[in-house]
Amino acid sequence: MKVSEFFGRRVLDKKANEIGKVADMTIEPKEGIILSMIISTSDFGLTRKDLEIVTADIDEVGDYILLNVEKEELELRAESSKKQEKKRLDIKQ
């Protein structure tokens, strides 16, 4: 399967609720392995939220990408990673 075939493919959580579409990927170039995918939850810029999934989250790939996690868990991961990114380092110490 080509990488370009993943872009725009719909993603469903383990309860078969649509989360969004594949918008981007992180790939290990030397080995050609997909490390993670970025899922866009909306087509509109104002309400758009991107969620990241790793390959362990994927249950099956077909017409849709089926995950083995729920949308709420992915949103919690995104919130916790945002909090970690916002930590400030004090260089005066």
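Quick note: residue numbers are just sequence positions, from 1. A quick note: this is a predicted structure, and the numbers were derived from the prediction, not measured.
No single ILVMFWY cluster, assembled from side-chain heavy atoms under 4.5 Å apart, contains both Phe6 and Leu35. There is a path of hydrophobic side-chain contacts, each under 4.5 Å, that joins Ile39 to Met25. Linking ILVMFWY residues whenever their side-chain heavy atoms come closer than 4.5 Å, directly or via other members, leaves Ile53 and Leu76 in distinct clusters.
In this structure, the side chains of Leu74 and Val69 come closer than 4.5 Å at one or more pairs of heavy atoms. Under the 4.5 Å side-chain criterion, counting only non-hydrogen atoms from C-beta, Ile58 is not in contact with Leu66. Side-chain atoms of Val22 and Ile65, non-hydrogen and from C-beta on, do get closer than 4.5 Å to each other. By the 4.5 Å heavy-atom criterion applied to side chains, Asn17 and Leu12 are not counted as neighbours.
Atom CG of Leu67 and atom CD of Glu73 lie 10.0 Å apart (nearest 0.5 Å). One distance of note links OG1 of Thr41 with CD of Glu75; it measures 8.0 Å at 0.5 Å rounding. For the atom pair CZ (Arg10) and NZ (Lys21), the distance works out to 5.5 Å, reported to the nearest 0.5 Å. Interatomic distance, Met37 CE to Asp50 CG, rounded to the nearest 0.5 Å: 14.5 Å. The distance from the CD1 atom of Ile33 to the CD1 atom of Ile27 is 10.5 Å, given to the nearest 0.5 Å. Rounded to the nearest 0.5 Å, atoms CD1 (Ile38) and CG (Leu51) are 8.5 Å apart.
With hydrogens and angles ignored, the 3.5 Å screen pairs a side-chain donor or acceptor of Asn68 with a backbone N or O of Ala56. Panel note: side chain Arg9, backbone Gly62; a donor-acceptor pair is recorded below 3.5 Å.
Heavy-atom contacts from other residues, nucleotides or ligands closer than 6.0 Å to OH of Tyr64 number 12 or fewer.
Ionic pairing of Arg77 and Glu52 is not present here: no N-O contact between side-chain nitrogen and carboxylate oxygen is shorter than 4.0 angstrom. Between Asp57 and Lys14 there is no salt bridge, since none of the side-chain N atoms of the basic residue sits less than 4.0 Å from a carboxylate O of the acidic one.
Taking Asp24 as the reference, nothing meets the side chain to side chain donor-acceptor pair (under 3.5 Å) condition, with sequence neighbours excluded.
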